[in-house]
Asker: 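Once you've had a glance at the structure underneath, I'll fire off some questions.
What you see is a predicted model, and the numbers here were worked out from it, not measured in a lab.
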Amino acid sequence: MHVDGDGVRLKSEADEPGWEVDPDDDWGVAVVATVGRQLKLRREAVGMRAADFGVAVGYGEDMVYKIESGKRIPRPEYLDKSDEILDAGGLLSAMKEDVAKVRYPKKVRDLAQMETKAVELLLYDPLNVHGLLQTPEHARSLLLMRRPAYAEDVVERATAARMARKVVFERDPAPEISFIQEEWTLRRPLGGKAVLRRQLELLLTLGRLRNVEVQVMPMNREEHAGVAGGIEVLKFADGSAVGRSPEVANGRTVFEPKDLRILELRYGIIRAQALTPRESMAFIERLLEET
């Protein structure tokens, strides 16, 4: 925290860790550089020095320069306040959406982009409630369980990124989405029973959508084709598809028909071994009553 000559406390880089730009994220670097140039051009157009502007927005002069040079990601409130001070008519505030995406890990953005284009999604997570099905509280609880422990800023970013992927449920026309959930992932009260209850309620809400099927794999099944790990298959309107599983191509994303056939075969068998969607909804309702 920096204090200027008038005793005003101004934010410095140490006050906001985690807002650096990933140099390997070409899209993110370009977005932040563009936003920084716009901020600088508008500040100079009104004849305002960086030091004076920093005082107005509550940041040190060094931070202003770093944001304008594309080395730091501006916070949403920074853009809102800049828009007001520079009388930008909402143009700077409108950049918040793209800037927010820069903070999401690149691999999460790439996955979210594919999900928004897929016409069919087959999703099996044997360890946790699938990310697309999680409530913010449940997602945060899972991230807080990681060891070594994540920094609070990392937890916030990862939770926000996960929630942003839920736009897949709002698409029109809607994609067909199939989830398979292990029973034990629906019983663990991570974050407390209140968090679990809200998670089960969301599963029921999403599972009743016409384009969504949620199936539960009971713990008492004597046969299970999913012991090799999770499966993700995304199919697109042009007939192409991508998939991923720890046991196929060392977990890398695959595009080849022979690899996709293996994933679809395993998923189909797991799906047949699990409870039907109707049985699964009844099962989750019973769990909710017990929680």
Side-chain angles (χ1 to χ4, degrees), residues 1-117 136 152-173:
M1 184 75 76
H2 169 71
V3 180
D4 75 351
D6 296 322
V8 178
R9 297 175 65 82
L10 305 176
K11 292 181 181 178
S12 65
E13 197 165 4
D15 298 309
E16 294 187 350
W19 288 80
E20 301 84 5
V21 185
D22 180 356
D24 296 324
D25 182 359
D26 294 338
W27 180 84
V29 169
V31 168
V32 175
T34 299
V35 173
R37 282 196 298 272
Q38 286 296 317
L39 285 163
K40 183 179 180 181
L41 287 171
R42 289 187 173 276
R43 175 180 62 77
E44 292 178 340
V46 299
M48 202 170 193
R49 295 187 309 120
D52 296 331
F53 180 72
V55 171
V57 293
Y59 282 75
E61 183 178 1
D62 183 58
M63 280 285 276
V64 171
Y65 282 129
K66 286 186 175 180
I67 290 173
E68 291 182 349
S69 63
K71 295 178 181 177
R72 295 279 298 181
I73 304 171
R75 294 179 68 96
E77 54 268 30
Y78 184 98
L79 291 173
D80 283 337
K81 203 158 188 179
S82 299
D83 194 281
E84 180 183 347
I85 294 168
L86 302 176
D87 195 23
L91 293 177
L92 295 177
S93 291
M95 295 179 176
K96 287 188 295 186
E97 183 176 351
D98 282 341
V99 171
K101 291 177 183 176
V102 176
R103 295 208 72 216
Y104 305 158
K106 184 177 183 297
K107 64 180 182 180
V108 175
R109 287 206 315 271
D110 292 343
L111 175 60
Q113 186 175 32
M114 287 193 292
E115 288 171 346
T116 60
K117 295 179 180 178
E152 185 65 26
D153 181 70
V154 174
V155 172
E156 289 181 10
R157 290 172 61 185
T159 302
R162 196 165 295 179
M163 294 305 104
R165 290 168 53 200
K166 287 181 176 291
V167 294
V168 70
F169 295 112
E170 302 170 7
R171 284 173 48 195
D172 186 16

Asker: List the atom of P74, the atom of V99, and the distance in Å for their closest heavy-atom pair.
Answerer: O-CG1, 3.4 Å
Asker: Shortest non-hydrogen contact from A56 to I85?
Answerer: CB-CD1, 3.5 Å
Asker: Using the side-chain contact (heavy atoms from CB on, under 4.5 Å) rule, pick out the option among I67, V35, V57 that qualifies with S82.
Answerer: V57
Asker: Can you list every salt bridge (charged side-chain N to carboxylate O under 4.0 Å, His left out) pair that touches residues 79-90, not counting sequence neighbours?
Answerer: D80-K96
Asker: For the residue pair L92 and Y78, establish whether any side-chain heavy-atom pair is separated by less than 4.5 Å.
Answerer: no
Asker: Between atom CZ of F53 and atom NZ of K40, what is the distance when rounded to the nearest 0.5 Å?
Answerer: 13.0 Å
Asker: Work out which heavy atom in G54 is nearest to a heavy atom in V64; give both atom names and the distance.
Answerer: CA-CG2, 3.6 Å
Asker: Taking atom CD of E170 and atom OG1 of T116, what is their separation to the nearest 0.5 Å?
Answerer: 12.0 Å
Asker: Under the side chain to side chain contact (heavy atoms under 4.5 Å, CB included) rule, collect the residues that match up with V46, sequence neighbours excluded.
Answerer: M48, L86
Asker: Between L39 and L79, does the side-chain contact (heavy atoms from CB on, under 4.5 Å) criterion hold? Intermediate values first, please.
Answerer: CA-CA 9 Å; L39 285 163; L79 291 173; 4.2 Å; yes
Asker: Take R72 and Y59, measure what side-chain contact (heavy atoms from CB on, under 4.5 Å) needs, and give me the verdict at the end.
Answerer: CA-CA 12 Å; R72 295 279 298 181; Y59 282 75; over 6 Å; no
Asker: Any sub-3.5 Å donor-acceptor pair from S93's side-chain atoms to G90's backbone N or O?
Answerer: no
Asker: Enumerate the salt bridge (charged side-chain N to carboxylate O under 4.0 Å, His left out) contacts for residues 42-51, please, sequence neighbours excluded, ordered by first and then second residue.
Answerer: R43-E68, R49-D52
Asker: How many angstroms lie between atom NZ of K166 and atom CD of E115, to the nearest 0.5 angstrom?
Answerer: 10.5 Å
